[in-house]
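Atoms within each ligand, like the ligands themselves, are counted from 1 in listed order.
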Amino acid sequence: MHYTPPPRDPKAPPIRINLLSDTQTRPTPGMREAMARAEVGDEQIGDDPTVNALCERVADLLGKEAAVFMPSGTMCNVAATLVHCRPGDEILAHETAHIIAREGGAHAALGGFQIMPLPGADGKFAPETLRRALHPRSRYQPPQAVVSVEQTANIGGGTIWTKADLDEVVEIAKANGLATHMDGARLLNACVATGISAREMAKGWDSAWIDFSKGLGAPIGGVLAGSSAFIDEVWRWKQRLGGSMRQAGICAAACIYALDHNVDRLADDHANARALARGLSQIAGVEVQEPESNLVFFKPDGAGVSADAMVAALRRYDVLLTTMDGRIRACTHLDVTAAMIEETVAAVREIVRGA
Ligand SMILES: *Cc1c(COP(=O)(O)O)cnc(C)c1O
């Protein structure tokens with residue numbers, strides 16, 4: 001059976017407090033205006049000036065030679081491993097990584113790669129864990145081709161890799177002939193939270209990308225960056241996967257708008273996440289993971305309400321969120337206000353009181 005989202009009454013008003021995901025953001029009037037005004041061309045032949053401007057901008061932001069516009073973050077991950085690996089190769093990643101858990105098995109289905117799941121707290125593995133997972137080249141074991149990290153680590157709780165650990169992972173990978181890939185779906189959240197630039201964060205990583213359809217608020221798109229030779233190879237896979245586009249400047253304009261207007265304000269999302277965590281942690285029996293960015297994971301079980309029951313009950317307060325691996329995940333983003341956070345905490349308190 002394939003999962004199908006529950007049907008929604010098309011006439012129902014949008015959910016008022018939508019903490020499901022930062023993918024739920026709607027383009028603002030300013031962003032829509034920028035899209036409407038965009039100069040466009042044929043992206044597939046490199047002729048769309050707005051796409052080209054976006055790619056140059058992201059390549060510079062991440063300190064790489066070149067970049068390419070993709071329809072989704074998933075395609076950034078998939079095209080990257082398709083270039084870094086050959087069939088039978090091994091990718092090393094944290095056991096909760098998006099490439100393992102959320103991409104429909106793409107890396108195995110399309111590339112014939114296997115992913116070695118590395119353990120570690122909060123979505124991150126210790127550099128030492130990587131070191132221990134490496135083996136000398138031999139005819140028995142799969143060739144180890146690339147190590148991948150998520151900055152921030154999504155299912156880990158929106159947690160942030162320290163610069164020191166990132167550097168150590170790069171050092172270990174290079175010393176062992178592995179390529180390095182950074183899934184930066186929420187990289188700019190990590191940058192805003194730490195004050196470390198994206199260029200510094202991505203330094204030493206062979207490939208890195210950022211997602212525009214998450215907290216940056218654009219409707220579609222990710223940009224993958226790396227060396228010119230790497231991006232050239234990525235282009236072949238983009239074409240093969242059906243990811244080459246036409247007048248994509250309409251979408252790229254939204255991404256440029258997001259870089260101009262929606263990066264610094266990620267700090268507001270982080271403040272809202274902290275406020276939510278603070279409020280929830282004051283409710284007896286509710287266990288909260290301290291947020292580092294815009295994701296808040298919590299468990300209400302200690303208050304006599306299961307995660308599923310809490311999500312269902314909150315839905316009646318017009319609050320939408322989801323369970324993930326037995327916990328509840330709340331995600332703050334540009335359509336979530338401080339007042340909505342207060343309301344959500346009050347609703348959880350009331351649900352716990354009634355349990
Ligand atoms: C969302 C996400 C992706 C995939 O991005 P899409 O644009 O949804 O395809 C990859 N990695 C992480 C960590 C994500 O959160």
Less than 4.5 Å apart, side chain to side chain, heavy atoms only: is that true for K238 and M245? yes
Closest to atom 13 (C) of ligand 1 among M70, M75, E150 (heavy-atom distance): E150
Determine whether any heavy atom of F212 lies closer than 4.0 Å to an atom of ligand 1. no
4.5 Å side-chain heavy-atom contact, D167 and K203: no
Relative to the heavy atoms of G73, which atoms of ligand 1 are at a distance of less than 4.0 Å? 4 (C), 5 (O), 6 (P), 7 (O), 9 (O)
Following the transitive rule for hydrophobic clusters with a side-chain heavy-atom cut-off under 4.5 Å over Ile, Leu, Val, Met, Phe, Trp and Tyr, establish whether I99 and L92 coincide in one cluster. no
Side chains of E343 and V319 in contact at under 4.5 Å (non-hydrogen atoms): no
Could you tell me if any non-hydrogen atom of G222 lies under 4.0 Å from any atom of ligand 1? no
For atom 11 (N) of ligand 1, the protein heavy atom that lies nearest, with its residue and separation: D183 OD2, 2.6 Å
Aromatic rings H94 and F125: how do their planes relate, parallel, tilted or perpendicular, breaks at 30° and 60°? parallel
Please check whether A185 reaches ligand 1 - meaning an N/O of the residue sits under 3.5 Å from an N/O of the ligand, judged on distance alone. no
Check each of M31, R26, R32 against P219 using the side-chain contact (heavy atoms from CB on, under 4.5 Å) test, and report the only one that passes. M31
Measuring from the heavy atoms of R186, does anything fall under 4.0 Å of ligand 1? yes
Side chains of K214 and T25 in contact at under 4.5 Å (non-hydrogen atoms): no
Closest to atom 5 (O) of ligand 1 among protein heavy atoms sits D211 OD2, 3.0 Å
For ligand 1, does N77 get within less than 4.0 Å through its side chain, its backbone, both, or neither, judged by non-hydrogen atoms? side chain
Among all protein heavy atoms in this structure, tell me which lies nearest to atom 2 (C) of ligand 1, with the distance rounded to 0.1 Å. K214 NZ, 2.3 Å
Need the ligand 1 atom indices (1-based, order shown) with element for anything under 4.0 Å from a heavy-atom of T74. 4 (C), 5 (O), 6 (P), 9 (O)
Check whether any N or O atom of N154, backbone or side chain, sits under 3.5 Å from an N or O atom of ligand 1, and answer yes or no. yes
Taking the side chain as C-beta and beyond, is there a heavy-atom pair between L259 and F212 under 4.5 Å? yes
D183 and side chain to side chain donor-acceptor pair (under 3.5 Å): which single residue from T74, N77, N154 fits? N77
Indicate, as side chain, backbone, both or neither, the part of S213 found under 4.0 angstrom from ligand 1 when only non-hydrogen atoms are considered. side chain
